[in-house]
*Asks:* 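The structure is given below, and queries will be raised subsequently.
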Amino acid sequence: MTEKAGYVSVQSQTEENSDEGVYSFAAMEARWPAVWEDLNVFAPLDDGSKERRYVLDMFPYPSGDLHMGHAEAFAMGDVVSRYWRQLGYDVLHPIGWDSFGLPAENAAIKRNAHPSEWTYANIDTQAESFKRYAISVDWSRRLQTSDPEYYRWTQWLFKRFYERGLAYRKDSPVNWCPKDQTVLANEQVVNGACERCGTIVTKKSLNQWYFKITDYADRLLDDMDALQGNWPDRVLAMQRNWIGRSEGAHVKFTVEAAAAQPEMELTVFSTRPDTVFGATFFVVAADAPLVLELVAPEHAEALSEYREQVKALSDIERQATDREKTGVFTGRYAVNPLTGDRLPIWAADYVLADYGTGAVMGVPGHDQRDLDFARAFDLPVRAVVDTGQEDPAVTGVATGGEGTMINSGPLNGLAKAEAVPAAIKLLEDKGAGEKFVNFRLRDWLLSRQRFWGTPIPIIHCADCGEVPVPDDQLPVRLPDNLRGEALSPKGTSPLAAAGDWVNVSCPTCGGAARRDTDTMDTFVDSSWYFLRFVSPQYTEGPFDPAKVNDWMPVGQYVGGVEHAILHLLYARFFTKVIHDMGMLEATEPFSRLLNQGQVLNGGKAMSKSLGNGVDLGQQLDRYGVDAVRLTMVFAGPPEDDVDWADVSPSGSAKFLARAWRLGRDVDSAAGTDPATGDAALRSITHRTVHEAKALLEGHKFNVVIAKLMELVNATRKAIDTGAGAADPAVREAAEAVAVLLSLFAPYTAEDMWNALGHPASVANAGFPTVDQALLVQQSVTAVVQVKGKVRDRLEVSPDITEEELRELALASEAVQKTLDGAGIRTVIVRAPKLVNIVPA
RNA sequence: GCCCCAGUAGCCCAAUGGCAGAGGCAGCAGACUUAAAAUCUGCAAAGUGUCGGUUCGAGUCCGACCUGGGGUACCA
């Protein structure tokens, strides 16, 4: 597909030929994994003898074997992990599986099997592939969220949330996916469709479990300041948008009593309380239960018809912003608290039931939506801010900008910045309002009507109500006798069908009771797994309190930007709650976040329907693990997408072979003192190591590899046409290559290290130390510019003084010729690199 | 509409405000070969999306715009 004949050299290799001096990835891949396993290279000491660092890749979902996307993500995380190890930190780098979820269930239905069969078979496959891929993880810490010993603690945490009032049930219209037959969280609805299967989501009124994440809205927002610079800006921006803090005021309107209907009070949220004098009507969300209570009897039928129309619309249709405004009059009036005006109350679908209070004051002069509505129904328009623009009533364009208050009684003459607080003061004085901060964030709907998830540890008793399952009875295990069809979605949880599982006695009164049959959203499982990794076998709690603060927070988290809101927001929420429970010092889970890009093919995401997928296994067979890893990392900055059609794994393989050959060509004994070696090569080696360190800190992995290529080329040259293979500087260079290469190409690096006469593993070799003296160059090229244009170059000592360089530059023949007798206005000297002469 | 990010040789990408090129891919020429592949050596190739500004000096900083990508959107 992208390769021509070039791959042949690295293809069809046998294990034997590595002894003949031929680079054979197959031989290396056969040789080293067992050695690494014996040495237990990647298990942290966890004894406090070294500073600890925690690096984590977002754990995978076990959908079949690993794919190109995993290969990229895990290559990136492994660079950080291996780099930190070389620097001498005690590194925790674990792996596990996010193994609950729908695909396993769907596969089980199809095959008349249990979801665990498919799940654990896939996990085994992926684990083998990860081992081949040589990720530097501690395999003894492996975990699966579908293991009872894991979800036991998910349930335990749920109970603690419940006790704190952070997990509760309520009736509410919820997002419903008709295909998957389950409810969805707001975060899982994308453009009105199910995030997973793309089916248009409908609304259903149901009693569901929620986490009260809205209690943490402020902290989730404010604590992002500390992440600034350490998380990608766009992720922070997306979370800020999602939380959607907006400052304004609550304004109370009195609804006039009507025949047989009592007086009521209605509150609206407005970001423009300064425009209260401009309110000429009042709108309530048509689908809010409130309107039914409000509507006058003679308007009830029209309202009912309108509500039916609204209900028939999908979210997508309803959210189209260019729709005509629709609505019906309710027959009731609200009194403007500041003007005393009677405002007709309308029901309309442009007001959303679940934002703010589900009602707005209509200020058509200064809000485009309100103006569109007013024009559609002939409602009056009153401008209360003079913005210098034309009258909105005439133009149909609402004036939203700054201006001076008019037609607003005591507010007249004020600018917006003064008018907003002044209006709030007026409202407060009348008891008709107050400053208010509104959030867009909704509570997290966590229950799902599916089988393959963590059971909610609650028992429903007719007498005692909701009764949590006692801690000593956790985990509430999933029944293992449901198979195939019994798992198919019916709109209620399949667990309800497991009679002997559902019917239990109430833990409190001992009477007949039923288990809650919903399971938790799988995002609950993944909201705390990073904590479990610090002590995955701990049996007294979700994690060992004596260990957790040694490792948390995660120093580097790596994963795709598709989790910018969902997983990352939920994990942050869990971390804060667990902190508040006194179990964790950290208030944020991940101090640094790296979003690796996607792997594309020909500019498009790989997909079955496009038929442009690239099989990871085939790439590994063809080019070797190291070449694929190197290609992923070398392709560009980690955040950028990698287009597999634009890169060259065979080029990577070629480079690896070149580097590897250095190790075999070195003709000096291990341990030889490099001090007497070729100075020029030593200087290059030390500069490369020095630069590599800075680049690695900045995640510029692709540039590190480019520098490594230079070092390899320079060493090759030294061997062939310079100092020769026996020069100690050549050994020093080759060893530096091996250690740096170990971050990207562990097999090749290990083999080189071995050829250089060192015992395994190169992963523990330690980052090469830099001799500062060797970074200083003998001479540097100073550029002499006249008016910004280069006119001469001078070879000068790196410690030349400004004055000396200035004299040299002015004496330059080329400069004199360019100046041609003209006087000099200024001379800028940046010793030792540059002089810029500005003529008069 | 609003908010982010990115535009540098044919392509992927580098360049603390200081010589536009580090590296790779593709290309061309040469060496080796009976020949080819592989390997090695060398060469060529853009003035940095556009316009303006700041500066002695701008790919880099500022402003506007264009293009592409992503996010978000009757959010009151």
Side-chain angles (χ1 to χ4, degrees), chain A residues 2 4-6 8-10 22 190-191 232-242 244 246 248 251 268-272 275 283 285 318-323 325 348-352 354-363 366-370 372-373 438-440 561-562 564-565 603 630-631 634-637 639-643 645-652 654-655 657-658 661 691 694-695 700 702-713 716-717 720-721 781-793 825-830 833-839:
Chain A
T2 59
K4 302 188 180 69
V8 178
S9 69
V10 289
V22 176
V190 178
N191 290 328
D233 284 342
R234 64 170 169 161
V235 173
L236 295 174
M238 283 161 76
Q239 292 216 359
R240 286 200 177 97
N241 281 338
W242 190 262
S246 105
V251 185
V268 298
F269 173 72
S270 173
T271 53
R272 294 294 305 272
T275 62
V283 189
R318 205 180 144 169
Q319 282 167 10
T321 48
D322 52 358
R323 273 175 66 224
K325 291 283 180 289
D349 67 355
Y350 84 91
V351 172
L352 306 177
D354 59 0
Y355 184 77
T357 63
V360 302
M361 58 179 192
V363 185
H366 309 290
D367 183 288
Q368 190 60 47
R369 295 155 302 180
D370 293 344
D372 293 343
F373 190 77
N438 194 58
F439 290 92
R440 203 189 83 112
V561 72
E562 65 273 17
I565 300 173
L630 190 80
T631 302
F634 183 53
E639 312 78 38
D640 285 12
D641 290 343
V642 177
D643 194 328
D646 289 338
V647 295
S648 170
S650 62
S652 299
K654 201 158 78 179
F655 164 70
R658 259 170 84 77
R661 231 176 294 126
E691 287 171 5
L695 291 164
K700 295 183 170 190
N702 55 324
V703 188
V704 176
I705 293 169
K707 298 285 176 205
L708 205 44
M709 288 171 170
E710 283 183 80
L711 179 56
V712 168
N713 289 340
R716 180 82 259 156
K717 214 165 227 168
D720 290 348
T721 59
T781 306
V783 172
V784 184
Q785 300 177 332
V786 176
K787 229 183 148 188
K789 287 213 161 57
V790 181
R791 297 300 178 189
D792 201 3
R793 293 179 167 83
R825 182 153 36 134
T826 346
V827 180
I828 287 113
V829 185
R830 294 284 179 270
K833 300 201 73 169
L834 177 128
V835 180
N836 190 12
I837 298 161
V838 188

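Below, chain A is the first sequence line, B the second, and so on; all start at residue 1. Hydrogens, waters and symmetry mates are skipped; everything else that's a heavy atom, side chains included, is used. Note that the structure is predicted; figures quoted are calculated from it, not measured.
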*Asks:* Got a sec, which residues hit salt bridge (charged side-chain N to carboxylate O under 4.0 Å, His left out) with A/Arg791, two or more places apart in sequence or on another chain?
*Replies:*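 Once residues adjacent in sequence are excluded, A/Arg791 has no partner under the salt bridge (charged side-chain N to carboxylate O under 4.0 Å, His left out) criterion.
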*Asks:* In chain order, what residues pass the salt bridge (charged side-chain N to carboxylate O under 4.0 Å, His left out) check against A/Arg234, with sequence neighbours excluded?
*Replies:* none
*Asks:* With A/Arg830, which residues qualify under salt bridge (charged side-chain N to carboxylate O under 4.0 Å, His left out), at least two apart?
*Replies:* none
*Asks:* Within the side chain of A/Asp370, is there an N or O that forms a donor-acceptor pair under 3.5 Å with the backbone of A/Gly362?
*Replies:*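 Checked: no pair found.
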*Asks:* Paired with B/A22: which nucleotide, if any, by Watson-Crick or G-U wobble criteria at under 3.5 Å for both distances?
*Replies:* none
*Asks:* Mind checking who B/A58 pairs with, Watson-Crick or G-U wobble, both distances under 3.5 Å?
*Replies:*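 Checking every strand shown, B/A58 finds no partner, since no pair has both distances under 3.5 Å.
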*Asks:* I'd like a list of close polar pairs between nucleotides 3-9 of chain B and the protein, N/O only, cut-off under 3.5 Å.
*Replies:*
none

*Asks:* What string of B, S and - do you get for nucleotides 51-59 of chain B, 5' to 3', if B is base contact, S is sugar-phosphate-only contact and - is no contact with any protein heavy atom under 4.0 Å?
*Replies:* -----BS--
*Asks:* Return the set of residues passing side-chain contact (heavy atoms from CB on, under 4.5 Å) with A/Ala657 (not counting sequence neighbours), or none when no residue passes.
*Replies:* A/Tyr23, A/Arg661
*Asks:* Please give the nucleotide sitting opposite B/C32 as a Watson-Crick or G-U wobble pair, both distances under 3.5 Å, or none.
*Replies:* none
*Asks:* I'd like to check the side-chain contact (heavy atoms from CB on, under 4.5 Å) partners of A/Asn702; sequence neighbours left out, ordered by chain and number.
*Replies:*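 In terms of side-chain contact (heavy atoms from CB on, under 4.5 Å), with neighbours along the sequence ignored, A/Asn702 is linked to A/Pro637, A/Lys700.
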*Asks:* Indicate, yes or no, whether a donor-acceptor pair under 3.5 Å links the base of B/C74 to the side chain of A/Lys325.
*Replies:*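 Answer is yes: a donor-acceptor pair is held.
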*Asks:* With a 3.5 Å limit on both atom pairs, tell me what B/G7 is paired to, counting Watson-Crick and G-U wobble, or say none.
*Replies:* B/C66
*Asks:* Once side-chain contact (heavy atoms from CB on, under 4.5 Å) is applied, do any residues pair with A/Arg272, and if so which ones, sequence neighbours excluded?
*Replies:* A/Ser270, A/Asp274, A/Thr275, A/Val385, A/Lys416
*Asks:* Applying side-chain contact (heavy atoms from CB on, under 4.5 Å), name anything that partners A/Asn836, two or more places apart in sequence or on another chain.
*Replies:* A/Gln785, A/Ile828, A/Leu834
*Asks:* Assign each of A/Thr271 and A/Met238 to its nearest nucleotide of RNA chain B by heavy atoms, then name whichever residue's nucleotide is nearer the 5' end.
*Replies:*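 Its nearest nucleotide being more 5', the pick is A/Met238.
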*Asks:* Between the protein and nucleotides 13-17 of chain B, which nitrogen or oxygen pairs come in under 3.5 angstrom?
*Replies:*
from, atom 1, to, atom 2, distance (Å)
B/C13, O3', A/Asn702, ND2, 3.4
B/A14, OP1, A/Asn702, ND2, 3.4
B/A15, OP1, A/Lys700, NZ, 3.1

*Asks:* Could you work out, with side chain to side chain donor-acceptor pair (under 3.5 Å) as the rule, every residue matching A/Asp640, not counting sequence neighbours?
*Replies:*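 Listed in chain order: nothing, the list is empty.
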*Asks:* Take the angle between the ring planes of A/Tyr355 and A/Phe269 and call it parallel below 30°, perpendicular above 60°, tilted in between.
*Replies:*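 Because their plane-to-plane angle is over 60°, the rings of A/Tyr355 and A/Phe269 count as perpendicular.
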*Asks:* Paired with B/G1: which nucleotide, if any, by Watson-Crick or G-U wobble criteria at under 3.5 Å for both distances?
*Replies:*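 Pair assignment: B/G1 / B/U72.
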*Asks:* Considering Watson-Crick and G-U wobble pairs with both distances under 3.5 Å, what does B/A45 pair with?
*Replies:*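 Pair assignment: B/A45 / none.
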*Asks:* Identify, with sequence neighbours excluded, every residue that meets salt bridge (charged side-chain N to carboxylate O under 4.0 Å, His left out) alongside A/Asp720.
*Replies:* A/Arg716
